[in-house]
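Because the structure is a prediction, the values reported are computed rather than measured. Labels below follow one simple rule: chain letters A, B, ... track the order of the sequence lines, proteins then strands, and each chain is numbered from 1.
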There are 2 protein chains.
Amino acid sequence: MPLPVETYTIKDIARELGISTSTVSRALRGSYEINPETKRLVMECAERLNYRPNPIALSLKGSASRAIGVILPQIANYFFSQAINGIEAIAYNRGYHVIIFQSQESYEREVANVQQSMSRKVDGLLMSLSSETSDVAHLQEVLDKNVPLVLFDRVSADLNVTKVVADNFGGAFAATEHLIQSGRRRIAHLTIQPWLSITQERLAGYRAALEKHGLEFDESLIRYGTFGPDEVGPMVDELMRHSAPPDAFFTASDRLAVGCLQALRQRNLHIPEDVSLIGFTNLNVADFLAPPLSTVVQPATEIGQVAAERLIDQIERKHRALPIETVKIPTELIVRSSTMTSSEVVKL
Amino acid sequence: MPLPVETYTIKDIARELGISTSTVSRALRGSYEINPETKRLVMECAERLNYRPNPIALSLKGSASRAIGVILPQIANYFFSQAINGIEAIAYNRGYHVIIFQSQESYEREVANVQQSMSRKVDGLLMSLSSETSDVAHLQEVLDKNVPLVLFDRVSADLNVTKVVADNFGGAFAATEHLIQSGRRRIAHLTIQPWLSITQERLAGYRAALEKHGLEFDESLIRYGTFGPDEVGPMVDELMRHSAPPDAFFTASDRLAVGCLQALRQRNLHIPEDVSLIGFTNLNVADFLAPPLSTVVQPATEIGQVAAERLIDQIERKHRALPIETVKIPTELIVRSSTMTSSEVVKL
DNA sequence: AACGTTCCCGACATCGTTTGCGCAAATTAT
DNA sequence: ATAATTTGCGCAAACGATGTCGGGAACGTT
């Protein structure tokens with residue numbers, strides 16, 4: 001069954017049948033004011049010609065494109081690629097196409113992506129902010145155009161929209177408390193840009209756990225940054241030169257967890273004998289690392305699914321405004337060898 | 001600097017300046033038949049209104065969209081996400097937007113993605129075939145429409161287009177030879193769908209290495225499939241029950257490598273004492289696994305870059321046909337602990 | 001003074017589709 | 001039988017931009 005090469009338009013059908021394009025258009029969308037017999041003819045002809053409406057023309061007319069745009073920092077990241085899978089699953093089910101853009105953590109490219117998706121007339125936008133983004137005027141613009149917008153993971157407090165996030169506070173609290181309960185007292189926290197909501201929430205969870213257990217919050221154990229491959233090592237050195245060096249590392253991302261693991265090993269710091277290590281990560285190989293890495297798992301797929309559901313709900317019920325809320329998805333603490341106590345290590 | 005909410009059109013500029021839309025259009029594209037002074041006025045007004053041409057309207061007119069479509073099996077895969085980064089880097093440099101679609105290894109969805117990108121009027125298409133794809137009529141259609149197409153990684157022999165692939169034969173040959181030279185004799189090969197070009201090339205490389213070293217090719221050591229998380233274990237069991245069980249595993253993908261590692265550990269088979277393990281993978285954490293995993297690294301980023309370059313070359317020199325060729329990018333064998341010889345293990 | 005050029009610019013059609021309006025024929029109501 | 005509806009369909013405008021014409025004004029040429 002060879003696919004036809006030509007692309008037929010509504011005009012071709014009209015010419016073929018000797019009727020007007022308006023009639024064809026209406027017949028195709030099942031308008032009540034078209035003779036059933038005519039409808040049948042049109043349908044049959046469209047089928048025969050393998051007619052497909054031109055979405056570009058539809059978009060020009062301003063109607064729905066049944067496509068949603070997804071803009072996120074980077075795809076080469078387990079959290080985000082799993083989130084995309086969640087998004088696609090829902091979107092596909094509900095008859096939407098997904099168009100993915102990467103901001104590459106650049107504000108400039110994020111703005112360009114927003115413009116691009118607006119002008120390509122997506123029906124709604126799903127976004128996770130780049131780490132450079134602090135001004136959200138480009139998103140306010142989206143809202144002003146009445147295009148539904150849902151933020152996930154990296155969200156902004158300045159925007160009154162539906163947001164879907166992991167329970168960052170709870171996850172950070174659990175991780176920190178676990179480290180404390182396994183005997184650690186000087187817990188370093190390696191995290192990303194301080195202005196991001198997830199950073200603040202995780203820091204708050206970390207701090208709350210310290211306070212609950214009567215430990216001092218020491219700003220000098222916190223490090224912010226966009227850690228490239230070669231930046232983690234120097235930072236670890238710096239921390240270990242501290243007069244009271246850390247006995248545990250709590251990292252805020254996939255990349256940081258692996259970077260930290262690598263840096264610690266290169267420096268001959270044994271995990272967990274010398275220092276504990278726990279990450280906020282979605283690495284599916286965490287269990288196979290040496291040592292197996294304790295993690296706070298974010299339900300990436302679920303976050304994507306929920307975000308997509310909320311967005312499509314908004315798109316389809318555009319008239320009556322849906323309530324705006326922030327959905328918090330629970331995280332899960334998985335304890336592996338990288339945070340064992342010294343006594344547990346000895347037992348092995 | 002708040003971004004303007006309104007989207008202005010060429011008409012708005014025309015009205016503002018009291019001239020016709022045609023003049024505005026021509027002024028904007030610098031036509032020689034427009035008074036420099038008028039041009040200046042138009043430019044200034046466009047700047048002031050932050051005018052952006054509507055790509056939808058441009059697409060309807062049939063002009064270039066400066067967007068390229070990328071269709072690949074799945075993003076949650078190191079190889080593909082790195083390839084995308086390579087593609088984006090080049091595309092961005094040369095002024096193109098990238099629109100990503102996932103086929104999720106489904107033929108049906110691949111066809112839908114192709115149609116979607118055609119009707120969204122991308123200037124060219126970059127593809128890696130889904131594992132279900134054997135019929136390529138939908139791509140022939142793309143070619144017939146004169147839309148430039150470049151295939152990468154998962155390519156089809158039935159299509160006369162530019163292809164960019166890793167040196168799969170060479171990589172598989174090197175991996176297999178390395179296993180043989182480290183004393184292995186019964187090398188199992190876990191690979192993906194047999195009809196894919198990459199599968200065949202890797203199998204051929206494997207086979208050639210066996211022959212070179214006078215080892216028998218044993219079909220019963222080969223396993224094909226789309227291995228889900230729970231399928232690798234049973235397959236390993238089956239192989240190990242063999243009258244002459246394998247002493248090494250050579251896997252053809254990221255997922256297989258990790259799945260195999262997991263299965264072997266669960267079965268208490270020590271690597272590399274009991275069996276060697278080497279993967280065809282792009283895992284950036286391969287070095288931190290237990291044991292560190294020997295791999296054949298495919299230059300994913302480079303493959304993406306080269307593919308994007310070829311595609312854009314084709315798009316921009318559409319008139320004179322560019323030569324069609326298959327570009328082969330070298331792979332690299334990285335030897336780590338998972339393929340050490342027994343004597344090497346003892347030394348530690 | 002009458003003609004041909006050149007320079008700028010506007011009217012209009014076009015891409016594929018939807019939609020408001022109107023009009024004729026067929027049907028129903030009076 | 002005539003008037004009032006209903007039915008079925010076509011015309012034309014619109015979406016935003018481009019491109020083909022062609023026309024008016026200001027020149028220069030005989």
Side-chain angles (χ1 to χ4, degrees), chain A residues 6-43 45-46 49-67 115-116 118-123 145-147, chain B residues 6-43 45-46 49-67 115-116 118-123 145-147:
Chain A
E6 279 263 29
T7 295
Y8 293 98
T9 75
I10 212 173
K11 286 185 191 171
D12 297 312
I13 302 183
R15 186 163 3 89
E16 183 96 359
L17 264 41
I19 58 180
S20 80
T21 60
S22 357
T23 305
V24 175
S25 170
R26 273 183 280 246
L28 254 16
R29 24 193 55 240
S31 165
Y32 64 96
E33 47 177 7
I34 297 294
N35 190 322
E37 173 61 12
T38 311
K39 263 188 206 173
R40 203 190 52 71
L41 280 172
V42 171
M43 296 296 194
C45 185
L49 261 41
N50 189 24
Y51 166 79
R52 296 273 173 270
N54 181 332
I56 300 276
L58 290 181
S59 299
L60 227 206
K61 280 305 266 187
S63 51
S65 62
R66 290 201 84 76
Q115 291 190 348
Q116 182 74 189
M118 282 302 93
S119 48
R120 288 190 172 270
K121 291 274 190 296
V122 296
D123 291 345
K145 278 181 184 153
N146 242 342
V147 173
Chain B
E6 280 264 30
T7 295
Y8 294 99
T9 75
I10 211 171
K11 285 185 191 170
D12 298 310
I13 301 183
R15 184 161 7 86
E16 183 95 0
L17 264 41
I19 57 181
S20 81
T21 60
S22 345
T23 304
V24 175
S25 170
R26 272 181 289 245
L28 253 18
R29 18 195 56 240
S31 166
Y32 64 96
E33 46 178 6
I34 297 294
N35 190 321
E37 173 61 12
T38 310
K39 263 188 206 173
R40 202 188 53 72
L41 278 173
V42 171
M43 295 296 195
C45 185
L49 261 41
N50 190 24
Y51 167 79
R52 296 273 172 271
N54 182 332
I56 300 276
L58 290 181
S59 300
L60 227 206
K61 278 305 259 185
S63 49
S65 64
R66 291 200 84 76
Q115 290 191 347
Q116 182 73 190
M118 283 302 93
S119 49
R120 290 194 170 265
K121 290 273 189 299
V122 296
D123 291 345
K145 279 183 181 149
N146 241 342
V147 174

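A straight line from CD of B:E37 to P of C:dC9 spans 10 Å, rounded to a whole angstrom. Spacing between atom CG of B:D12 and atom P of D:dG16 amounts to 8 Å, rounded to whole angstrom units. We find that CZ of A:R52 is positioned 12 Å from P of C:dT17, with the value rounded to whole Å. A:L60 places its CG atom 15 Å from the C1' atom of C:dT19, with the value rounded to the nearest Å. Atom CD1 of A:I13 is separated from atom P of C:dT18 by 11 Å (rounded to the nearest Å). Look at CG on B:L28: it is 9 Å from P on D:dA17, rounded to the nearest Å. What separates CG of B:L58 from P of C:dG16 is a distance of 15 Å, to the nearest Å.
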Under 3.5 Å between N/O atoms: give me all the protein pairs with nucleotides 26-28 of chain D, atom names plus distance.
none

Atom pairs, protein N/O to nucleotides 9-13 of chain D N/O, distance under 3.5 Å:
unit_1, atom_1, unit_2, atom_2, d
D:dC9, OP1, A:T38, OG1, 2.5
D:dC9, OP2, A:N35, N, 2.8
D:dC9, OP2, A:T38, OG1, 3.2
D:dC9, N4, A:E33, OE1, 3.3
D:dG10, OP1, A:S20, N, 3.4
D:dG10, OP2, A:S20, N, 3.0
D:dG10, OP2, A:S20, OG, 2.9
D:dG10, OP2, A:T23, OG1, 2.2
D:dG10, N7, A:R26, NH2, 3.4
D:dG10, O6, A:R26, NH2, 2.7
D:dC11, N4, A:S22, OG, 2.8

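The nearest heavy atom of DNA chain C to B:Y32 and to A:R29 marks one nucleotide each, and the one closer to the 5' end goes with B:Y32.
In this structure, B:I19 CD1 and B:N35 CG are separated by 10.5 Å, a value rounded to the nearest 0.5 Å. The CZ atom of B:R29 sits 12.0 Å away from atom NZ of B:K39, with the distance rounded to the nearest 0.5 Å.
For A:N54 and A:R52, the side-chain atoms include no donor-acceptor pair closer than 3.5 Å. Side-chain contact of B:T23 with B:S20: a donor-acceptor pair under 3.5 Å is present, judged by distance alone.
Phosphate contact (OP1/OP2 of D:dC15, side-chain N/O of A:K121, threshold under 4.0 Å): absent. At C:dT17, one or more side-chain N or O atoms of A:Y51 fall inside 4.0 Å of OP1 or OP2 (strictly under the cut-off).
Taking every heavy atom of both residues into account, B:M43 and B:A27 meet most closely at CE-O, 3.4 Å. Taking all atoms of both residues into account, the shortest heavy-atom contact from B:L58 to B:P53 is CD1-CB, 4.2 Å. Heavy atoms only, all atoms of each residue included: A:V147 and A:V122 are closest at CG1-O, 4.3 Å. Here the closest heavy-atom approach between residue B:C45 and residue B:E16 is recorded as SG-CG, 3.7 Å. Considering all non-hydrogen atoms of both residues, B:Y8 and B:Y51 come closest at O-CD1, 3.4 Å. B:R66 and B:D123 make their closest contact through N-OD2, 2.6 Å (heavy atoms, listed as atom of the first residue, atom of the second, distance).
When the C1' atoms of four end pairs are superposed on the next four at each end of the helix from C:dA1-D:dT30 to C:dT30-D:dA1, using five pairs per end, the two resulting axes differ in direction by 60°, to 10°.
Checked by atom type and distance alone, the side chain of B:T21 never pairs as donor or acceptor with a backbone atom of B:I10 at under 3.5 Å.
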